[in-house]
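Reading through the structure tokens given below for one structure.
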Amino acid sequence: MPPFQAPCHLRALPTGLGRVAVLAAACWLGLACAAPSAAQAPRRPEPARAERPLAPRADAPALAPEAARARVLLLRYLREGLRRPFVAHETTRLLQGQVRESQQIVKQAGLGAMRVEYQSPPAMRGEVLLILGRRMLRYVPAEGVVHESRAPETGVLGRAGALVEGLRSGAVRARVVGREEVAGRNAAIVEVRGAGREGFFKRLWIDTQSGVRMKIEDVDPSGVVVSTSYFTRIDLDPVLDAGEFRPGSLSRREARPRPLRTRPLASVAEAQQRVGYAIREPSLPPGYRLVGVWVAPAPVGRQAVILRYTDGVSTFTLSQHPAPARWGSRGADQAPRPRDDRGAIRWVSGGRVFILVGNLSPHAVDRIIASLR
């Protein structure tokens, strides 16, 4: 297979322990969306465009210098960093409860074309996550199969649009709070906050020259860092193999689709007609809304309901199904277990098994669990 040389017009603006943390950081703005594949033919270089600031609404208050600079950097990240090819070594740490860490090699060939190869911990070594447009494929060597799922329907363009509109309206605030060197690159630290006390809170380290996101932190409402991912090495002029960004590169075995590959139902009410138990909906963190409902097979012939929510930037899913009768006393209420290697939190309440997957703050997780008791 001939090497894939990154198109030069893409040069000029991310992953985790467990697969969920990878998607939360690498796909903070939903990289898994409809986008050109890395294998397509390179286009001719486009002329350089002058950097232009994000125009606020006419009724928006005047911006402080650090806020205006943050908007320029975020636009560079969205317009250039998400498209620029690179190969990077990354470390991700989950800081909720017991600290866990993973290392991975991240390869980005363009918008919506990313490959993440796990190096550690030992239980995940050899796993590969491949993001191609709206498709997400995960190869698990221990199972010898490829799991496939669909990305949120909003995708990167929709989420980027929501972020830009939020910046214009003032619903999203951003400011530059410092500078730091990451993997040998000068990066500006941009703090991004959603509206309200409990809105999303993230810090991004954006390379001031390339616009690539070098580091990201998720912060809970009290100011405690929940997770962090950062590059330790990066090559911004890589020679990539187009074959690595094709599904066939993961395994010769047939890909096994996951339930979320099916189209979502129109509403919770429609899902309710397909299951024999009352669907329970959680109390949502501020700003979150329902974006998808699925009914999928569960143990012992039962049906599970999967609910997906987003605040326009972050996403989480909640699945539920009745505890099997054969569980006996195990079907009684159980306290939530710590996050597993997939980043999932599992508990039993009222004879119902719940599984929460998403990079939420401890405060948001407690709120959801308490509402389902």
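Side chains included, hydrogens not; waters and symmetry mates left out as well; all remaining heavy atoms used. Heads up: numbering here begins at 1 and tracks the sequence.
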*Closest heavy-atom contact between Thr92 and Ser229?*
OG1-OG, 2.7 Å
*Any donor and acceptor pair, going by atom type alone, linking the side chain of Arg175 with main-chain N or O of Val190 inside 3.5 Å?*
no
_Check: Leu132 and Phe245 side chains under 4.5 Å, non-hydrogen atoms_ = yes
_Partners meeting side-chain contact (heavy atoms from CB on, under 4.5 Å) with Val268 (sequence neighbours left out)_ = Ile279, Glu281, Leu290, Val293, Leu307
*Side chains of Leu236 and Arg84: closer than 4.5 Å at any heavy-atom pair?*
yes
*Over all atoms of both residues, closest heavy-atom pair of Pro285 and Ala364*: CG-CB, 3.8 Å
*Distance-only polar pair, side chains of Ser371 and Arg280, donor-acceptor under 3.5 Å*: no
*Beyond-backbone contact of Leu265 with Arg274, side-chain heavy atoms, under 4.5 angstrom*: yes
*Say whether Val176 and Leu74 are linked into one hydrophobic cluster, either directly or through other cluster members, by side-chain heavy-atom distances under 4.5 angstrom.*
yes
*Go through the steps for Gln272 and Glu270 under the test side-chain hydrogen bond (donor to acceptor under 3.5 Å, both in side chains), then give the verdict.*
CA-CA 5 Å; Gln272 185 63 75; Glu270 183 178 347; over 6 Å; no
*Heavy-atom side-chain proximity of Arg115 to Leu250 below 4.5 angstrom*: yes
*asked:* I want to check something: taking the side chain as every heavy atom from C-beta on, are Pro286 and Arg367 in contact at a cut-off of under 4.5 Å?
replied: yes
_Lys/Arg N to Asp/Glu carboxylate O, Glu127 vs Arg125, below 4.0 Å_ = no
*Does Asp207 offer a backbone N or O that forms a donor-acceptor pair with the side chain of Ser210 under 3.5 Å?*
no
*Trp347 versus Leu356: any side-chain heavy-atom pair under 4.5 Å?*
yes
*Would you check if the side chain of Thr91 reaches a backbone N or O of Tyr230 as a donor-acceptor pair within less than 3.5 Å?*
no
*Is any side-chain heavy atom of Gln209 closer than 4.5 Å to a side-chain heavy atom of Arg185?*
yes
_Residues forming a ring pair (Phe, Tyr, Trp, His ring centres under 6.0 Å) with Tyr309, sequence neighbours excluded_ = Phe316
*Without swapping roles, check the side chain of Ser349 against the backbone of Leu372 for a donor-acceptor pair under 3.5 Å.*
yes
*Checking Gln320 side chain against Ile355 main chain: does a donor-acceptor pair fall under 3.5 Å?*
no
*asked:* Could you report the tightest heavy-atom contact between Gly126 and Tyr139, atom names first, then the distance?
replied: O-CD2, 4.1 Å
*Measure the NE2-CG distance between His147 and Leu129 for me, rounded to the nearest 0.5 Å.*
12.0 Å
_Results of salt bridge (charged side-chain N to carboxylate O under 4.0 Å, His left out) for Glu244 - residues two or more places apart only_ = Lys107
*Report the residue from Lys215, Glu180, Met214, Glu217 that forms a side chain to side chain contact (heavy atoms under 4.5 Å, CB included) with Ile189.*
Glu180
*Could you walk me through whether Val106 and Met114 pass the side chain to side chain contact (heavy atoms under 4.5 Å, CB included) check?*
CA-CA 7 Å; Val106 182; Met114 176 176 284; 4.0 Å; yes
*Are Val177 and Glu66 close enough, and set up right, to give a side chain to side chain contact (heavy atoms under 4.5 Å, CB included), and what steps lead you there?*
CA-CA 7 Å; Val177 296; Glu66 63 271 18; over 6 Å; no
*Is the side chain of Glu148 donor-acceptor paired with the backbone N or O of Val146 at a distance under 3.5 Å, no angle test?*
no
*Carefully, step by step, assess Ile368 and Phe354 under the rule side chain to side chain contact (heavy atoms under 4.5 Å, CB included).*
CA-CA 11 Å; Ile368 291 171; Phe354 294 96; over 6 Å; no
_Could you report the tightest heavy-atom contact between Ala187 and Val182, atom names first, then the distance?_
CB-CG2, 4.5 Å
*CG on Asp218 to OG1 on Thr228, rounded to 0.5 Å*: 9.0 Å
_Where Val295 and Ala271 come nearest, the two heavy atoms and their spacing_ = CG2-CB, 3.9 Å
*State the CG-CG distance between Leu240 and Asp235, to the nearest 0.5 angstrom.*
8.5 Å
_Val219 vs Val224 side-chain heavy atoms within contact, under 4.5 Å_ = no
*Atom pair CD/OH of Gln104 and Tyr118 - distance to nearest 0.5 Å*: 5.5 Å
_On a heavy-atom basis, which atom in Pro85 and which in Pro238 lie closest, and how many Å separate them?_
O-CD, 3.9 Å
*With no hydrogens and no angle check, is any side-chain donor or acceptor of Arg83 less than 3.5 Å from a backbone partner on Leu78?*
yes
*Would you please say whether a donor-acceptor pair under 3.5 Å links the side chains of Thr317 and Arg308?*
no
*When you check the side-chain N and O atoms of Glu101 and Gln103, is any donor under 3.5 Å from an acceptor?*
yes
*For the atom pair CD1 (Ile216) and OG (Ser227), what is the distance rounded to the nearest 0.5 Å?*
7.5 Å
